[in-house]
Undergrad: 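Sharing a structure here in structure tokens format.
What you see is a predicted model, and the numbers here were worked out from it, not measured in a lab. Just so it is clear, the values below take in all heavy atoms, side chains as well, and ignore hydrogens, waters and symmetry mates. In what follows, chains are A, B, ... by sequence order, proteins preceding strands, each numbered from 1.
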Amino acid sequence: MARYAIRLTELTKDYPTGFWRPRPVRALDQVSLDVEPGEVLGYLGPNGSGKTTTLKLLMQLIYPTSGRAEILGRPAGDIEAKRRLGYLPELPYFYDNLTAEELLVYFGGLFGLAPAVARTRASTLLDRVGIGAERRRRLRRYSKGMLQRVGIAQALVNDPEVVFLDEPMSGLDPVGRRDTRELIQSLRGEGRTVFFSSHILSDAEALCTRVAIMVKGRLVSTGRLADLAFEVQGWELVVSGGERGDLAGLGLDAVTTTVSDGRHVIELPFDRPPDQVLPELSRLRFQVVSLTPRHESLEDYFMRLVASRQEPAA
Amino acid sequence: MSVIARIAVQVFKESVRDKVLYNLVLFAVLLIAASYLIGQLTAGQDVKIIKDLGLAATQIFGLFIAVFIGIGLVSKEVERRSIYGLLAKPVRRHELILGKYAGLVLTLAVNVSVMAVALYAVLGYMSWVETEEFRQSWDASATDPAMLTAILLIFVQLMLVTAIALFFSTFSSPILSAVLTFGLFVVGHFNADLRNFEGVVDSPVAASLARALYYALPNLAPFDVKAQVVHGHAVPFGYVAATSAYAAAYICALLLAAMLIFSRRDFK
Amino acid sequence: MKARADFWWQRPVLFTVAMVALIVVFVSSTLVRDRVYAVTDSENELLYIPSGAVLERMALSFDSLLADVYWIRALQVYGGTRRSDGEEKNYDLLGPLLDITTTLDPEFNAAYRFGAIFLTEAFPNGPGRTDLAVALLKKGIERKPERWEYYMDIGFIYYWWVQDYEQAAEWFDRAADVPGASWWLRSLAANTLAAGGSRESSRMLWRQLYDSADSDWIRTEATRRLTQLQALDEIDQLIAAARRFYELESRPPASWQELVDARMLSGIPLDPTARPYVIDSVNGTINVSEDSSLFPLPGETLPPLPQ
């Protein structure tokens with residue numbers, strides 16, 4: 001058993017540009033990253049940061065300029081490694097004229113599954129991703145969200161040890177996002193390694209054991225989400241008891257919402273830190289139910305990182 | 001079943017699904033209608049005309065299938081990005097090429113065989129309704145087995161055209177592939193002019209260039225023995241063998257080049 | 001860093017070696033084929049007529065099929081023009097169409113034989129171009145010298161339409177020289193030379209043709225010619241009757257009725273197609289009616305009535 005499920009070593013990819021431009025564009029710059037078996041890694045970054053490039057290098061859809069990508073201790077593109085992985089491409093497209101069932105049976109066949117086994121597997125997986133009777137319709141009639149579900153099902157057709165999902169949440173409605181989140185959680189429960197990319201922080205928050213953050217083709221930080229230096233932008237304070245009118249006296253009326261059973265949710269801005277407000281509130285006989293910091297969004301974080309990276313050059 | 005065979009079967013299934021084999025119905029209707037109409041028109045040569053028509057239609061229909069499916073086999077997968085999902089499966093890139101090729105050749109084989117059976121059936125019927133002395137006047141009997149030689153060489157030619165289409169399809173768009181393939185098909189028939197070129201020009205450079213092109217470009221004219229067969233001339237076995245060997249080597253070279261190009265491509 | 005060489009063909013040296021080997025195979029198979037087997041028909045025609053040659057190239061490998069199309073056009077021009085009632089019948093297209101047909105498919109048997117018959121047919125049933133017909137058949141002979149029918153057909157043209165019996169006999173002889181030719185050609189040649197133009201030798205010619213015909217069309221044609229010969233025989237008898245009337249009355253008969261009244265004929269004489277014969281007392285000729293399908297009778301000049 002390989003020590004790492006996925007290992008990137010100084011992985012670099014240059015895309016050649018038109019011949020009139022002398023320098024190729026560097027899409028991925030010296031990325032090194034290890035993912036342990038059983039981990040769920042969120043590979044985060046804004047659009048164009050090199051996430052899809054990394055996944056394509058792992059699938060050997062493109063070849064690296066330098067560096068190495070390994071899966072289960074084998075080089076990317078290795079046929080044995082491919083037997084043990086699943087891959088959901090970004091905005092997946094399959095064959096218009098096949099039904100979801102036929103697609104899964106065909107792909108199952110490529111893994112050497114007997115037709116009967118492949119059919120059973122297809123039926124179980126389509127149940128799992130929530131494709132019902134539509135499975136007998138041709139894929140050309142599928143919505144984007146349904147194709148995404150089929151895409152996840154086909155990535156699991158070989159019962160893979162490592163699953164790569166490229167933007168699994170994109171194009172999904174809220175129900176679809178919830179289903180997908182639950183599915184990834186169940187994959188984690190089954191002990192599979194999951195490597196998924198996203199440009200939305202909230203996708204990662206509940207799911208990942210670890211995140212890796214990409215900006216402009218470079219890996220800028222890795223670690224548990226809680227440990228990363230997200231700036232606090234304010235706090236969410238929930239109190240109960242007391243009179244709503246008293247809050248107005250503190251100048252907090254505008255940021256307060258009263259919810260059921262006499263609770264008030266106060267959105268404290270950055271310039272009113274809790275240590276200033278709390279003594280006042282306890283004087284007015286409010287009881288603190290909870291206090292949570294509000295972090296900046298992933299987008300804001302990226303922007304800040306991008307800005308800080310550009311400063312030395314500027 | 002190997003990965004190549006599974007991909008080949010899939011290509012065949014898709015062509016059935018895409019109603020490619022409907023052309024067989026058109027072929028049968030064409031033959032039957034033509035045999036009726038030409039029978040009304042003039043006596044004596046209707047069997048020859050049906051043979052001409054049947055063999056030409058076998059070739060043209062096959063050609064359309066070979067070019068229009070062949071150019072899309074690989075480039076459509078790349079253009080529509082379905083190749084991303086496919087190559088993540090335990091499929092080597094060259095297996096994809098060989099599987100696609102085998103699948104289209106299988107489709108063509110089924111198509112050409114059914115056409116051959118239909119052609120013989122129509123000719124057999126036409127022969128059956130004619131008098132004995134009438135049959136004597138034909139260059140070759142209506143159900144002359146030698147027609148199979150012409151059909152075989154048509155099939156081999158279609159295999160070569162498929163390889164050309166597939167080769168272009170591994171690195172260019174479907175439309176460009178179609179233009180290039182059809183271009184080579186036309187050039188392939190004018191090819192003999194290149195050989196005669198040196199008799200006409202004075203420049204030795206031009207002459208040797210023409211000769212080099214004659215050998216390098218696919219030469220499709222020798223596969224056409226339709227006229228000989230229809231007039232009852234024997235096509236020697238050696239001729240068929242040499243022409244088939246030519247096709248086999250040319251196809252292997254095209255597939256090898258396609259495999260190499262495809263195995264090095266980046267799918268951005 | 002590009003693709004790693006997982007397979008032999010991904011190594012540049014081995015790939016090059018394999019490609020060179022394959023190229024050697026297909027080039028040498030071309031060399032062998034070109035040397036051992038004569039260039040195939042479809043490649044070899046650097047043709048006599050530019051338009052046909054151009055067409056043949058345009059047709060790619062479908063020249064034989066295109067020949068069928070031109071043959072059908074030739075049939076349409078011939079049949080259509082022949083049937084039309086228009087004053088100006090124009091068969092000018094027939095020759096070029098047949099020429100293109102036989103250029104595209106140089107072994108198109110029917111195009112030579114039927115084509116020659118169409119071309120020789122006298123106006124208004126055809127263009128009466130014996131020269132074109134002979135040229136067409138000679139083109140066929142150049143292509144397929146073993147086809148004795150082509151020589152025989154030329155002989156027919158000289159015999160029947162041109163009435164050059166020496167030429168006709170010579171072509172019948174040449175036909176007889178071809179291995180596999182019909183046995184009676186030799187005697188036909190002798191007969192033609194000895195008694196060229198005689199109705200008896202004509203009758204023999206058409207009867208042989210009728211017996212050896214390989215198509216209904218030729219058989220119908222031969223039947224028509226034999227019927228025309230019968231009409232000529234009948235005209236001879238009518239002329240004899242007219243001559244007797246002249247001896248009795250010292251003037252040519254003005255109409256059939258006069259002959260009937262003089263009890264020289266039992267009724268108005270009808271040709272084998274049941275059309276009355278036409279007597280022209282001004283010019284002194286007897287002929288079949290222009291309505292008759294036998295019209296015009298072959299080039300044999302009708303004997304003049306005594307004036």
Side-chain angles (χ1 to χ4, degrees), chain A residues 13-16 27 52-53 55-65 71 76-99 102-103 105-115 118 138-139 147 150-151 154-155 157-158 160 163-164 166, chain B residues 1-22 68-69 72-100 102-104 107 170-171 174 259-268:
Chain A
K13 177 66 183 175
D14 291 339
Y15 283 124
T52 296
T53 300
L55 278 159
K56 284 185 177 176
L57 284 165
L58 280 161
M59 296 305 115
Q60 212 187 48
L61 290 167
I62 54 179
Y63 292 96
T65 307
I71 301 166
D78 180 88
I79 211 85
E80 287 310 314
K82 281 197 201 172
R83 285 189 195 288
R84 293 155 64 191
L85 67 83
Y87 169 56
L88 166 74
E90 186 182 11
L91 301 174
Y93 173 89
F94 304 103
Y95 307 98
D96 273 347
N97 269 345
L98 295 187
T99 66
E102 289 168 334
L103 178 79
V105 171
Y106 171 41
F107 280 171
L110 295 178
F111 284 102
L113 298 183
R138 300 199 182 186
L139 294 174
L147 273 180
V150 173
Q154 64 83 33
V157 75
N158 56 327
V163 184
F164 296 88
D166 198 354
Chain B
M1 199 165 33
S2 78
V3 168
I4 295 176
R6 281 179 199 269
I7 294 174
V9 168
Q10 191 65 24
V11 170
F12 178 70
K13 279 187 189 165
E14 266 172 58
S15 66
V16 174
R17 182 67 62 91
D18 290 342
K19 305 182 173 65
V20 167
L21 297 181
Y22 278 21
F68 286 105
I69 300 184
L73 276 180
V74 175
S75 55
K76 233 159 70 186
E77 293 253 7
V78 177
E79 215 162 65
R80 298 190 179 165
R81 307 187 324 275
S82 52
I83 195 145
Y84 295 173
L86 187 57
L87 284 184
K89 307 290 177 283
V91 175
R92 297 181 179 96
R93 291 191 184 188
H94 69 274
E95 290 173 334
L96 178 66
I97 297 283
L98 294 175
K100 292 275 183 186
L104 187 47
T107 308
T170 53
F171 60 85
M259 278 157 58
L260 189 74
I261 292 169
F262 196 66
S263 72
R264 295 175 157 232
R265 261 188 86 173
D266 272 359
F267 299 108
K268 279 202 264 182

Undergrad: Under 3.5 Å, side chain of A/Lys82 to main-chain N/O of B/Val91, donor-acceptor pair present?
TA: yes

Undergrad: Heavy atoms only: give me the nearest A/Ile62-B/Arg93 pair and the separation to one decimal.
TA: N-NH2, 4.2 Å

Undergrad: Does any donor atom in the side chain of B/Gln10 or A/Tyr95 lie under 3.5 Å from an acceptor atom in the other side chain?
TA: no

Undergrad: Could I get the full list of side chain to side chain donor-acceptor pair (under 3.5 Å) partners for B/Tyr84, not counting sequence neighbours?
TA: A/Lys56

Undergrad: What closest approach, in Å, do B/Arg17 and A/Leu98 show between heavy atoms, and which atom pair accounts for it?
TA: NH1-CA, 4.3 Å

Undergrad: Could you give me the CA-CA distance, side-chain angles and deciding distance for B/Lys89 and A/Gln154, then say whether side-chain contact (heavy atoms from CB on, under 4.5 Å) is met?
TA: CA-CA 10 Å; B/Lys89 307 290 177 283; A/Gln154 64 83 33; 2.6 Å; yes

Undergrad: Closest approach of A/Phe107 and B/Leu86, non-hydrogen atoms and distance?
TA: CE2-CD1, 3.8 Å

Undergrad: Would a 4.5 Å heavy-atom cut-off, applied to side chains only, mark A/Asp96 and B/Arg80 as touching?
TA: yes

Undergrad: Atom CZ of B/Arg265 and atom CG of A/Leu61: how far apart are they, to the nearest 0.5 Å?
TA: 11.5 Å

Undergrad: Does the side chain of A/Tyr93 pick up a donor-acceptor pair with the side chain of B/Arg81 at under 3.5 Å?
TA: no

Undergrad: Looking at A/Val157, A/Leu85, A/Leu91, which one has more heavy-atom pairs under 4.5 Å with chain B than the rest?
TA: A/Leu91

Undergrad: Going by the rule side chain to side chain donor-acceptor pair (under 3.5 Å), which residues pair with A/Asn97 if we only count those two or more places apart in sequence or in a different chain?
TA: A/Arg138, A/Arg140, B/Asp18

Undergrad: If every non-hydrogen atom of A/Leu110 is compared with every non-hydrogen atom of B/Ile7, which pair is closest and at what distance?
TA: CD2-CG1, 4.0 Å

Undergrad: For a quick test of reading the model, state the closest non-hydrogen atom pair linking B/Arg6 to A/Tyr106 and the distance between them.
TA: O-CE1, 4.1 Å

Undergrad: Which bit of A/Phe164 is near chain B, if near means a heavy-atom gap under 4.5 Å: side chain, backbone, both or neither?
TA: neither

Undergrad: Considering non-hydrogen atoms only, spot the tightest contact between A/Pro89 and B/Gly85 and give its length.
TA: CG-N, 4.0 Å

Undergrad: Which atoms of A/Glu80 come close to chain B, meaning under 4.5 Å heavy atom to heavy atom: side chain ones, backbone ones, both, or neither?
TA: neither

Undergrad: Hey, what do you get for CD (A/Gln60) to CZ (B/Phe267), rounding to the nearest 0.5 Å?
TA: 10.5 Å

Undergrad: Could you have a look at B/Lys13, B/Glu14, B/Glu77 and say which one has the most heavy-atom pairs with chain A under 4.5 angstrom?
TA: B/Glu77

